[in-house]
Amino acid sequence: MSKKIQAIRGMNDLLPEQSPLWQYVEGCVRELMQTYGYAEIRTPILEQTALFARSIGEVTDIVEKEMYTFDDRNGDSLTLRPEGTASCVRAAMENGLLHNQTQRLWYQGPMFRHERPQKGRYRQFHQVGVETYGLEGPDIDAEVILLTARLWRRLGLDDHVTLELNSLGSSDARAAYLDRLVAYFEQQQEVLDEDSQRRLYTNPMRILDSKNPDMEPMLADAPRLLDHLDTASREHFDTLTALLEHAGISYRINPRLVRGLDYYSRTVFEWTTEALGSQGTVCAGGRYDGLVEQLGGKPTPAVGFAMGMERLILLLETLDLIPDDARPGLDVYVAGQGDRSTEATLMLGEALRDALPGIQLQVHCGGGGFKSQIKKADRSGAELALLLGEDEIANGTVTVKFLRDDRDQMQLAQDNLAVQLPELLGRSF
RNA sequence: GUGGAUGUAGCUCAGUGGUAGAGCCCCGGAUUGUGGCUCCGGUGGUCGUGGGUUCGAUCCCCAUCAUCCACCCCA
């Protein structure tokens, strides 16, 4: 077992039993994006290392210790993308998508971070993300949040997730606030725990995030960023919250909500759940007006978010919110008996698929006794079994056996099956 | 990167210092053209890996790898 090659730590196989659920969620996402007129963009999984170092922030954990970075054969430093925003900005700039136009884009795919795996956290994980460019007003912030809220409703998750909101203000206002904050923490040095001491000069806002209960009173009295916003950011935030209220989206303002990545400004938000234990953030995003310029483009306002597919799926599973059509299933299983049944079953299957293009039909392969074929039909989950024995083949009929209902089997003419099957299955194709 | 728990059949798990068992699954039979219930039989394991202690280790010790949970961080 252990001498065999196994998957890389934290990188999981998605097994057949799970893929219908993934396809279901992916389908919901695709429909949702189309509903809002967002266009899909697909970018390479590998980028030059500098792209992430410059956008995410040199001193973040992601860049400092979590990236899968290696040298290409020609000596270039490449990195497996740890998130989608940087690639998306790069691609949009490189292809002229930001030249005098706005964009509403979405993407989906695997991301890579070398972290210690845990529930809801893997080294290869999948994100769905949205990025909008060229829109500076709070209307687009609201739209992006409304879009996520619609997805929760679609998936039945709306009662199980909470929206948290904050504003980080302009970079000037934030810089001024940071000075105040650091000054406050310096006066409280003796209360700061070890982690916080370290973060005091690298990323002081993260101290606000701390879960250490001993620091709670000190943090509660810390200066709040929301009280030190510049006027424009304040108005932006107030308009956003008003829009959300109009739309009936409830939210909780969390003055301590800080995004981990350096590029955020003004609006930040997070959808969280209690049901996933320690990795409760299902979706997170915000505004990053400075990023495009930081990466060498013209100043371009931008808003986006990313959500974690594994966490979403875990959530649907723990809450038992998986609809039937997101489970594997078959409509029909075709079994045969006798020397000529192989040809007969395969041809019947093809004919039915021609006539009923949406049908989910499996023809038994691999021989075996009639009895075991019917057993397989049962285990397959199919509604009906179509049986082709010597008699049926001789007279052009097929025996229909109801696997889920207590109902007598019947013999039908093969020529008529395409007409009668939809009725027998209770669905159209 | 830190801490804790756990690795025995495909899956869920018992178990013992004298080289292993159950349930489910799978295959066959009772029923030579009929699943789901029942009964009978069968396949399947270098007991995660490497080393140590021992006459002998799946069990005790060390290391290592992996999984899970938490911290950190984040989706």
Side-chain angles (χ1 to χ4, degrees), chain A residues 1-12 15 17 56 59-66 82-85 108-130 148 161 193-196 198-199 203 206 209-212 257-261 269-273 276-285 304-315 333 335-338 341 364 366 368-382 384-393 399-406 408-409 411:
Chain A
M1 186 82 110
S2 77
K3 291 204 171 152
K4 286 179 184 159
I5 294 173
Q6 37 187 164
I8 294 168
R9 181 171 203 196
M11 305 206 180
N12 301 310
L15 299 175
E17 198 177 52
I56 296 169
V59 298
T60 56
D61 277 12
I62 292 180
V63 171
E64 278 184 339
K65 47 196 186 197
E66 294 177 0
E83 55 104 47
T85 297
Q108 171 256 24
M111 308 293 164
F112 303 85
R113 292 183 200 170
H114 191 106
E115 299 181 274
R116 189 99 167 234
Q118 197 179 320
K119 183 179 185 181
R121 191 173 75 185
Y122 310 99
R123 290 186 172 181
Q124 174 174 333
F125 60 104
H126 296 77
Q127 285 187 336
V128 167
V130 151
T148 55
V161 290
D193 61 22
E194 200 180 327
D195 276 335
S196 302
R198 175 173 53 77
R199 285 185 290 213
N203 203 345
R206 291 226 66 94
D209 258 357
S210 173
K211 293 173 191 169
N212 185 344
L257 177 62
V258 175
R259 307 286 329 120
L261 286 51
F269 68 91
E270 212 167 89
W271 287 95
T272 59
T273 177
L276 288 186
S278 154
Q279 309 301 324
T281 302
V282 168
C283 172
F305 67 79
M307 57 195 196
M309 281 292 284
E310 282 81 0
R311 291 183 186 179
L312 218 45
I313 293 212
L314 220 44
L315 192 53
Y333 193 97
Q337 192 190 38
S341 70
H364 179 85
F370 199 50
K371 183 188 172 74
S372 77
Q373 291 188 39
I374 288 169
K375 198 165 183 171
K376 285 204 170 91
D378 180 41
R379 300 278 156 94
S380 78
L384 302 180
L386 297 182
L387 311 179
L388 282 174
E390 284 169 14
D391 295 347
E392 288 89 343
I393 292 168
T399 295
V400 179
K401 184 175 175 63
F402 298 89
L403 297 169
R404 311 292 150 212
D405 303 313
D406 191 15
D408 289 340
Q409 62 188 37
Q411 280 210 2

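Just so it is clear, the model here is predicted, and its values are computed rather than measured. When reading the values below, keep in mind they use all heavy atoms of this one structure, side chains included, and skip hydrogens, waters and symmetry mates. Each chain gets a letter, A, B and so on, in the order the sequences are listed, and its residues count up from 1.
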- prompt: How about Glu390(A): does its CD atom have over 12 heavy atoms from other parts shown lying under 6.0 Å from it?
  reply: no
statement: Residues at least two apart in sequence or cross-chain that pass side chain to side chain donor-acceptor pair (under 3.5 Å) with Arg311(A), listed by chain then number, are Gln279(A)
query: With Ser380(A), which residues qualify under side chain to side chain donor-acceptor pair (under 3.5 Å), at least two apart?
result: none
query: Checking only heavy atoms, does the side chain of Arg121(A) share a donor-acceptor pair with the base of C69(B) at less than 3.5 Å?
result: no
message: What I want to check is whether the side chains of Thr281(A) and Glu270(A) have a donor and an acceptor closer together than 3.5 Å.
response: yes
field: Toward the 5' end of RNA chain B, by each residue's nearest nucleotide, Lys65(A) or Met307(A)
entry: Lys65(A)
query: Taking for each residue the nucleotide of RNA chain B with the nearest heavy atom, is it Phe125(A) or Leu276(A) whose nucleotide lies nearer the 5' end?
result: Leu276(A)
Let me know the distance between [atom1] of [X] and [atom2] of [N], rounded to the nearest Å.
| X | N | atom1 | atom2 | answer |
| --- | --- | --- | --- | --- |
| Gln373(A) | C26(B) | CD | P | 15 Å |
| Glu115(A) | G1(B) | CD | C1' | 11 Å |
| Glu66(A) | G1(B) | CD | P | 11 Å |
| Ile8(A) | C65(B) | CD1 | C1' | 14 Å |

- request: State which residues pass salt bridge (Lys or Arg N to Asp or Glu O under 4.0 Å) with Lys65(A); sequence neighbours excluded, sorted by chain then number.
  value: Asp61(A)
message: If the condition is salt bridge (Lys or Arg N to Asp or Glu O under 4.0 Å), which residues does Arg123(A) pass it with, not counting sequence neighbours?
response: none
statement: Stems in RNA chain B, runs of 3 or more consecutive Watson-Crick or G-U wobble pairs with both distances under 3.5 Å, sorted by first number, are B:1-7 with B:65-71, B:10-13 with B:21-24, B:26-30 with B:38-42, B:48-52 with B:60-64
- request: For the side chain of Gln127(A), starting at C-beta, report the closest nucleotide among A75(B), C74(B), U2(B).
  value: A75(B)
- line: Counting primed atoms, P, OP1 and OP2 as sugar-phosphate and everything else as base, the B/S/- map of nucleotides 31-45 of chain B against protein heavy atoms under 4.0 Å is B-BBBB---------
Phosphate OP1/OP2 of C74(B): any Arg113(A) side-chain N/O under 4.0 Å: no
Separation of Phe269(A) CZ from Thr148(A) OG1 (nearest 0.5 Å): 5.5 Å
